[in-house]
Number of protein chains: 2
Amino acid sequence: MLNEDTLSISQNCADCPIRHRAVCARCESDELERLEDMKYYRNFEAGQTVIWSGDKMDFVGSVVSGIATLTQTMEDGRTQMVGLLLPSDFVGRPGRDGAAYDVVATTDLVMCCFRKKPFEEMMGRTPHIAQRLLEMTLDELDAAREWMLVLGRKTAREKIASLLSIIARRDASLKLAGSDGPMVFDLPLTREAMADYLGLTLETVSRQMSALKKDGVIQLEGKRHVTVPDFTRLMEEAGDDTDGGMLA
Amino acid sequence: MLNEDTLSISQNCADCPIRHRAVCARCESDELERLEDMKYYRNFEAGQTVIWSGDKMDFVGSVVSGIATLTQTMEDGRTQMVGLLLPSDFVGRPGRDGAAYDVVATTDLVMCCFRKKPFEEMMGRTPHIAQRLLEMTLDELDAAREWMLVLGRKTAREKIASLLSIIARRDASLKLAGSDGPMVFDLPLTREAMADYLGLTLETVSRQMSALKKDGVIQLEGKRHVTVPDFTRLMEEAGDDTDGGMLA
DNA sequence: GATGATCCTTGACCCAGATCAAGCGCGCGA
DNA sequence: TCGCGCGCTTGATCTGGGTCAAGGATCATC
């Protein structure tokens with residue numbers, strides 16, 4: 001429960017792995033220098049809670065490496081994941097003090113944090129930071145709305161296929177593109193986390209994973225290592241427009 | 001299917017009903033003048049489609065009066081509402097050409113539209129427009145995430161209660177606040193639209209409305225006119241933290 | 001005042017996914 | 001090497017909400 005895991009890895013923005021995709025993507029080197037003054041790194045272990053819903057937040061920041069989840073919980077314990085934070089994703093909301101959601105590290109996690117006050121001030125004086133954040137927020141809003149369709153209208157099988165295709169697509173975009181060969185990746189989520197993402201129980205997740213495997217839509221090695229022999233097939237199972245993701 | 005309903009009501013920004021809440025909330029009068037050059041009003045009748053998903057959009061804009069819905073539809077016809085657009089809400093995404101969702105007028109609707117190109121340029125040169133849009137987008141993102149919890153984890157009865165409490169709260173905030181008396185409002189949505197919002201069928205919506213009525217949580221006069229004698233009770237039925245909305 | 005059309009309600013039945021329960025397999029600490 | 005815990009699978013049963021079907025209420029048009 002102690003988040004004192006603050007490790008000041010001396011690291012500078014110039015060779016940051018998320019340099020070109022995070023909030024700071026469009027900053028010039030003099031602006032990066034100013035950002036470096038207000039920034040610090042924090043490390044979290046898999047399973048650790050980064051922020052509790054309702055806590056006061058005195059920082060905002062970016063995921064540098066690892067994966068975290070945004071979740072909302074009702075009093076009786078029902079929980080729903082409302083966001084999946086990947087490297088370069090932004091955490092926290094300028095202009096608001098309390099955290100609205102729990103943030104939990106799913107894997108080991110490194111975050112680049114900015115002290116909130118100075119960051120807000122800088123955002124006021126540096127338009128393209130706000131513009132970049134707007135862009136990122138609009139993308140997140142689109143993702144959230146896509147997810148509303150999944151939660152509201154898709155069957156359990158379609159939900160699982162949707163999640164797998166999202167993770168597969170993201171993984172492919174990291175490991176530089178190309179190659180129509182089978183897609184291979186490791187699931188970063190437990191069955192329970194998948195259930196929380198999809199509004200299902202973990203038993204249903206397990207059953208549908210088994211069904212997709214039996215039907216040859218995916219292959220499983222162990223519980224987490226997934227091979228997708230035919231991505232188009234997976235997309236069909238997800239109920240998505242088959243040609244959907246192919247533009248852009 | 002003809003949207004030629006363009007009616008140039010001569011109207012100026014100074015006495016616009018959403019002046020202080022829309023994207024232009026923080027604009028000075030000289031900036032408003034520039035906005036007036038690129039703006040025009042459009043009227044739609046209840047039921048008319050404002051934008052088809054996938055269409056090229058050459059404008060962005062704000063809802064001035066009336067209500068519209070943002071919906072997503074799968075090939076087989078399943079549809080999910082992903083946003084409810086109320087006066088002052090923003091439509092369209094700067095920096096993207098195609099519309100991502102269908103926008104449909106639920107009631108008669110007046111929109112204040114800006115030609116997209118000039119608006120984008122102005123946004124580049126006027127930081128507080130982007131900042132205001134960021135603020136609004138972050139609010140929408142929060143609303144979308146709240147809705148993900150509703151869609152993923154709530155029962156039919158809780159879903160209905162959640163929707164009613166949202167509409168009741170919004171209505172109260174318009175009719176200036178105060179008064180612990182019963183809240184009274186008209187539902188702006190058909191049972192089918194409510195179903196699309198909540199990921200239910202219209203039959204289930206109807207049954208749960210009847211159940212809430214029978215249990216005295218709401219009173220119904222006709223199909224649309226709702227009285228909420230005890231808002232706290234409604235919030236409990238929604239499964240929300242009873243004291244949730246009371247801060248701020 | 002009949003004739004639809006639209007929107008809504010209610011009933012009967014069914015099924016996808018939840019719930020309850022048992023057990024497997026793998027990694028880890030003693 | 002054992003045992004124990006965690007993550008996962010699988011089976012049996014239950015149920016909330018979907019599906020199908022039959023009207024009712026209100027309104028506009030003839």
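First the proteins, then the strands, lettered A, B, ... as listed; each starts at 1.
Under the salt bridge (Lys or Arg N to Asp or Glu O under 4.0 Å) criterion, B:Asp142 pairs with A:Arg93, A:Arg96, not counting sequence neighbours.
In this structure, A:Lys213 atom NZ and D:dT9 atom P are separated by 8 Å, rounded to whole Å. A:Arg191 has its CZ atom 10 Å from the P atom of D:dT10, to the nearest Å. B:Glu221 places its CD atom 16 Å from the C1' atom of D:dA25, with the value rounded to the nearest Å. Rounding to whole angstrom units, CZ of residue A:Arg78 and C1' of D:dG16 are separated by 13 Å. When rounded to the nearest whole Å, the span between CD of B:Glu203 and C1' of D:dG16 equals 14 Å. Separating the CD atom of A:Glu192 from the P atom of D:dC6 is a distance of 12 Å, rounded to the nearest angstrom. What separates NZ of B:Lys223 from P of D:dA25 is a distance of 8 Å, to the nearest Å. Between A:Leu220 atom CG and D:dG7 atom P there is a gap of 18 Å when expressed in whole angstrom units.
Listed candidates were D:dT9, D:dG17, D:dT19. Nearest to the side chain of B:Thr201 is D:dT19. For B:Gln208, counting side-chain heavy atoms from C-beta on, the closest listed nucleotide (D:dG17, D:dG18, D:dA12) is D:dG17.
Judged by distance alone with a 3.5 Å cut-off, no donor-acceptor contact links the side chain of B:Arg207 to the base of D:dG16.
Side-chain atoms of B:Ser162 and B:Ser165 include no donor-acceptor pair closer than 3.5 Å.
A cation-pi arrangement is absent between B:Arg169 and B:Phe185, since the terminal nitrogen or guanidinium carbon is not both under 6.0 Å from the aromatic centre and inside a 45° cone about the axis.
Counting non-hydrogen atoms under 4.0 angstrom, B:Gly199 reaches the backbone sugars and phosphates but no base. At the heavy-atom level, A:Arg157 lies nowhere under 4.0 Å from the strands shown. B:Leu200 comes within 4.0 angstrom of sugar-phosphate atoms only, judged by non-hydrogen atoms across all strands, and of no base.
Put simply, the side chain of B:Arg78 gets close to the backbone of A:Arg153: a donor and an acceptor are under 3.5 Å apart.
Classified by interplanar angle (parallel below 30°, tilted 30° to 60°, perpendicular above 60°), the ring pair B:Tyr197/B:Trp147 is tilted.
Nearest-nucleotide positions on DNA chain C place B:Met209 closer to the 5' end than the other of A:Thr155 and B:Met209. Mapping A:Ser210 and A:Arg153 onto DNA chain D by nearest heavy atom places A:Ser210 at the nucleotide closer to the 5' end.
In the helix from C:dG1-D:dC30 to C:dA30-D:dT1, the rotation axis of the first five pairs and that of the last five pairs differ in direction by 30°, rounded to 10 degrees.
Of the side-chain N and O atoms in A:Ser206, one or more sit less than 4.0 angstrom from OP1 or OP2 of D:dT9.
A 4.0 Å heavy-atom criterion places the boundary nucleotides of DNA chain C facing chain B at C:dC8 to C:dA12, written 5' to 3'.
Pairing each heavy atom of A:Gln80 with each of A:Asp196, the nearest pair is NE2-O, 3.0 Å. Closest approach of A:Asp171 and A:Val184 over heavy atoms only: OD2-O, 4.5 Å. Closest approach of B:Val150 to B:Leu198, counting heavy atoms only: CG1-CD2, 4.3 Å.
For the side-chain contact (heavy atoms from CB on, under 4.5 Å) test with A:Val217, the passing option among A:Arg233, A:Glu236, A:Met209 is A:Arg233; the others fail. Between A:Leu70 and the options A:Leu85, A:Asp102, A:Val91, a side-chain contact (heavy atoms from CB on, under 4.5 Å) holds for only A:Leu85.
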